[in-house]
Amino acid sequence: MWRVCKRRQRGVAELRGDDQTGSTKTEAAFSVEPDWQNIGIGDALFERIIAIARKWGISSIELMCLRENRRMRHLAAKHNARLCIDQGVAKAVLHPNWSSPSSQAAEVVGEVRGFRLFI
């Protein structure tokens, strides 16, 4: 999943689980170019990750970053993730709600928002 600004990829997110075991726990990773941070790309990517996790029936999303990465920690907290900092590493765990009609509507709105802001 990615977001495009001025016809160039500016941010990317990945949701990865273990397909072999059928686990409902996954890891997420994000990256946004430094010059394109603080304009909503990371937040839009985070919302898409949560929407996809709901669709797939994921019960837990785990993120890890350096303790100094305040932007990622802020995004995780904004989306109600539980944060724990240990030896310079911040770990966030998020438990998305199950998909519902309102979350599906929010997903459509998020797609439209992402399209309007970033393409």
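Since we're looking at a predicted model, the values are computed, not measured. Note: hydrogens, waters and symmetry copies are ignored here, and every other heavy atom, side chains too, is used.
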(Q) Any donor-acceptor pair under 3.5 Å linking the side-chain atoms of His95 with those of Asn80? (A) no

With rounding to the nearest 0.5 Å, note down the distance linking [atom1] in [X] to [atom2] in [Y].
| X | Y | atom1 | atom2 | answer |
| --- | --- | --- | --- | --- |
| Met64 | Asn69 | CE | CG | 12.5 Å |
| Cys65 | Leu83 | SG | CG | 8.0 Å |
| Leu75 | Glu47 | CG | CD | 9.5 Å |
| Glu27 | Leu63 | CD | CG | 9.0 Å |

**Q.** Side-chain donor/acceptor of Thr26 to backbone N/O of Leu15, under 3.5 Å
**A.**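 A pair under 3.5 Å: no.
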
[X] and [Y]: which non-hydrogen atoms are nearest, and at how many Å?
| X | Y | value |
| --- | --- | --- |
| Leu94 | His79 | CD1-O, 3.0 Å |
| Ala53 | Ile61 | CB-CD1, 3.6 Å |
| Pro96 | Ser59 | CD-O, 3.9 Å |

Q. Hey, which of His74, Arg48, Lys78 is the one that makes side chain to side chain donor-acceptor pair (under 3.5 Å) with Asp43?
A.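 For Asp43, the side chain to side chain donor-acceptor pair (under 3.5 Å) test succeeds with only one of His74, Arg48, Lys78, which is Lys78.
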
(Q) Assigning hydrophobic clusters by single linkage (Ile, Leu, Val, Met, Phe, Trp, Tyr; side-chain heavy-atom cutoff under 4.5 Å), is Ile50 placed with Trp56? (A)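 Yes.
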
Q | Student check: side-chain heavy atoms of Phe30 and Ile49 closer than 4.5 Å | A |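 Contact flag for Phe30/Ile49 side chains = yes.
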
Q: Evaluate the side-chain proximity of Asp86 to Lys91: yes if any heavy-atom separation is below 4.5 Å, no if none is.
A: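 Sidechains of Asp86 and Lys91: no contact.
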
Q. Got more than 12 heavy atoms from elsewhere within 6.0 Å of CZ, Arg70?
A.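 Check fails, neighbour count at 12 or below.
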
Q: Applying side chain to side chain contact (heavy atoms under 4.5 Å, CB included), name anything that partners Ile85, two or more places apart in sequence or on another chain.
A: Arg67, Arg73, Ala90

Q.
Run Arg10 and Glu33 through salt bridge (Lys or Arg N to Asp or Glu O under 4.0 Å) and show every step you take.
A. CA-CA 6 Å; Arg10 302 297 184 183; Glu33 285 187 28; 3.2 Å; yes

